[in-house]
There are 2 protein chains.
Amino acid sequence: MTERPLPTKDRLIRAAADLFRRSGYHGVGLSELLSAADAPKGSLYHHFPNGKSDLAVAAATWASDEMLRMIAASFEPAKDFEAGTRTLCHKAAKMFDKSGQWDGCPISATLFEGPGNTDFRQHAHHLYEGWITEVTHHAAQLGEPDPRETADTLFILLQGGWQLARARQSSDELRKLPDRLFATKTN
Amino acid sequence: MTERPLPTKDRLIRAAADLFRRSGYHGVGLSELLSAADAPKGSLYHHFPNGKSDLAVAAATWASDEMLRMIAASFEPAKDFEAGTRTLCHKAAKMFDKSGQWDGCPISATLFEGPGNTDFRQHAHHLYEGWITEVTHHAAQLGEPDPRETADTLFILLQGGWQLARARQSSDELRKLPDRLFATKTN
DNA sequence: CGGCATCTGGACCGATCAGTCTAGTCACGT
DNA sequence: ACGTGACTAGACTGATCGGTCCAGATGCCG
């Protein structure tokens with residue numbers, strides 16, 4: 001992929017997304033962040049005038065966009081909704097393994113665990129609804145009877161499944177998700 | 001909301017459970033913690049020699065025990081597993097509303113977002129398995145065909161549903177959980 | 001009463017926190 | 001070659017962090 005001469009701003013965003021997901025907003029210090037991104041403090045406050053909080057929003061948004069891309073890449077080539085769901089859960093499991101099996105959801109770790117700030121939480125809500133809207137769209141496209149409710153259910157399963165996978169240190173919990181969703185629903 | 005008859009140690013544990021759930025382990029300072037518990041620093045280090053981390057483990061364990069009690073109270077008087085599940089989700093919804101609708105799961109906020117410490121995470125795993133074991137027990141007791149898998153699913157739904165409820169600021173997401181679980185499962 | 005252990009109160013510590021500030025470097029248009 | 005704005009570099013600051021320490025209460029035995 002394109003990873004060669006990544007500009008400082010992007011290095012900051014990616015390092016932030018990575019570290020916040022691992023330790024939560026308050027669990028990451030600026031010094032750790034900057035050394036991970038290999039950037040000096042001046043650059044941070046040049047690109048993100050409000051410092052850590054601005055960077056956190058950017059990092060969560062970037063992570064959310066990646067998730068949207070993953071959703072689209074799973075459902076667009078799918079024959080039906082079940083196939084797309086299986087692909088998505090499989091991709092999520094791979095991401096889980098690649099992350100070291102301890103990280104949480106990038107959005108909740110960054111925004112929900114962040115400052116008491118209401119803007120943070122509403123932004124998290126906005127990003128989550130973006131995921132659900134995207135899934136709803138594909139569910140409708142693929143002829144699912146109740147796309148809105150189905151998308152909600154898939155969101156819940158992914159969030160809960162990720163948590164269980166994290167506790168058990170096993171991405172299998174994510175791979176088994178579609179079975180839970182479709183086991184009795186084959187009509 | 002005065003807990004005056006409560007001994008200092010318990011006041012610390014409850015304040016910690018409350019605050020960690022709201023802001024995560026790193027998001028709560030000792031000063032905030034101590035003023036919430038109305039206790040001086042000396043008491044903390046008397047009751048919890050290792051300080052914040054000891055207290056966090058105690059708080060998470062206490063919160064977990066409360067959850068175990070809630071599970072037992074939901075399933076013991078239940079005619080069947082579905083009834084128990086509905087009671088449990090209803091109780092969870094009430095707890096969600098009472099918590100101010102922004103707090104997360106006390107265990108993951110306290111232990112997963114805590115220090116990189118492996119002990120923390122394994123303890124979280126241990127507590128979670130305690131919940132699942134308890135639900136498995138009741139599911140078996142109430143004649144559910146596959147108690148282990150059913151308990152896993154309920155755990156996933158509760159974790160994911162709580163997250164969605166938090167984003168949407170609506171405990172209805174928790175109340176609707178049993179419908180998602182039993183809608184197509186009317187065997 | 002004395003003697004001892006448990007618990008409390010808070011002053012104090014070095015480390016680290018997020019954030020500020022300014023001098024210096026660099027790329028690029030002219 | 002020069003000027004200008006975008007960007008980097010890191011020393012510095014005041015606040016707050018978690019943690020230590022010990023003198024004083026307090027309770028509970030004799």
Side-chain angles (χ1 to χ4, degrees), chain A residues 4-60 109-117 119-120 123, chain B residues 2-60 109-117 119-120 123:
Chain A
R4 223 84 75 238
L6 217 53
T8 303
K9 187 172 182 178
D10 293 328
R11 280 199 327 266
L12 282 166
I13 288 175
R14 295 190 191 202
D18 197 48
L19 290 173
F20 285 152
R21 189 166 50 152
R22 174 171 291 104
S23 306
Y25 180 84
H26 295 289
V28 182
L30 249 35
S31 64
E32 184 183 0
L33 204 64
L34 293 170
S35 86
D38 194 34
K41 202 168 267 194
S43 303
L44 203 183
Y45 284 89
H46 171 77
H47 294 292
F48 304 96
N50 286 349
K52 196 184 186 185
S53 56
D54 271 10
L55 176 57
V57 171
T110 307
L111 299 180
F112 277 152
E113 310 287 341
N117 194 337
D119 293 346
F120 264 52
H123 191 64
Chain B
T2 51
E3 320 103 358
R4 281 193 37 245
L6 230 52
T8 302
K9 187 172 183 178
D10 293 328
R11 265 183 293 133
L12 282 167
I13 288 175
R14 295 190 190 203
D18 197 48
L19 291 173
F20 285 153
R21 189 167 50 152
R22 174 170 290 104
S23 306
Y25 180 83
H26 295 288
V28 182
L30 249 37
S31 63
E32 183 184 0
L33 204 61
L34 293 170
S35 86
D38 195 33
K41 201 167 268 193
S43 304
L44 203 182
Y45 283 89
H46 171 76
H47 295 292
F48 304 96
N50 286 346
K52 196 185 186 184
S53 57
D54 271 10
L55 177 55
V57 171
T110 307
L111 299 181
F112 276 151
E113 309 288 342
N117 194 336
D119 293 345
F120 263 51
H123 191 62

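The sequence lines fix the lettering, A, B, ..., with proteins before strands; numbering per chain opens at 1.
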[atom1] of [X] versus [atom2] of [N]: gap in Å, rounded?
X	N	atom1	atom2	answer
A:Asn117	C:dA18	CG	P	16 Å
A:His47	C:dG19	NE2	P	17 Å
A:Phe48	C:dT20	CZ	P	15 Å
A:Asp38	D:dC7	CG	P	17 Å
B:Glu32	D:dA15	CD	C1'	15 Å
B:Leu33	D:dT16	CG	P	17 Å
A:Asp54	C:dT20	CG	P	11 Å
A:His46	D:dA6	NE2	P	7 Å

Protein and nucleotides 18-25 of chain D: nitrogen or oxygen contacts under 3.5 angstrom:
residue, atom, partner, partner atom, Å
D:dG18, OP1, B:Val28, O, 3.1
D:dG18, OP1, B:Lys52, NZ, 2.6
D:dG18, OP2, B:Leu30, N, 2.4
D:dG19, OP2, B:Tyr45, OH, 2.9
D:dG19, OP2, B:Lys52, N, 3.2
D:dG19, O5', B:Tyr45, OH, 3.2
D:dG19, N7, B:Lys41, NZ, 3.3
D:dG19, O6, B:Lys41, NZ, 2.4

Of all heavy-atom pairs between [X] and [Y], which one has the smallest distance, and what is that distance?
X	Y	answer
A:Phe120	A:Pro115	CE2-CD, 3.6 Å
B:Leu34	B:Pro40	CD2-O, 3.8 Å
B:Lys52	B:Tyr45	N-OH, 4.3 Å
B:Phe20	B:Thr110	CB-OG1, 3.3 Å

Next on the checklist: I want to check one thing: is the phosphate of C:dT8, taken as OP1 and OP2, less than 4.0 Å away from some side-chain N or O of B:Thr8?
Outcome noted: yes
Checklist entry - Is any side-chain heavy atom of A:Leu6 closer than 4.5 Å to a side-chain heavy atom of A:Arg14? => result yes
Next on the checklist: side chain to side chain contact (heavy atoms under 4.5 Å, CB included), that's the test. Do B:Asp38 and B:Thr8 meet it? Break it down for me.
Outcome noted: CA-CA 8 Å; B:Asp38 195 33; B:Thr8 302; over 6 Å; no
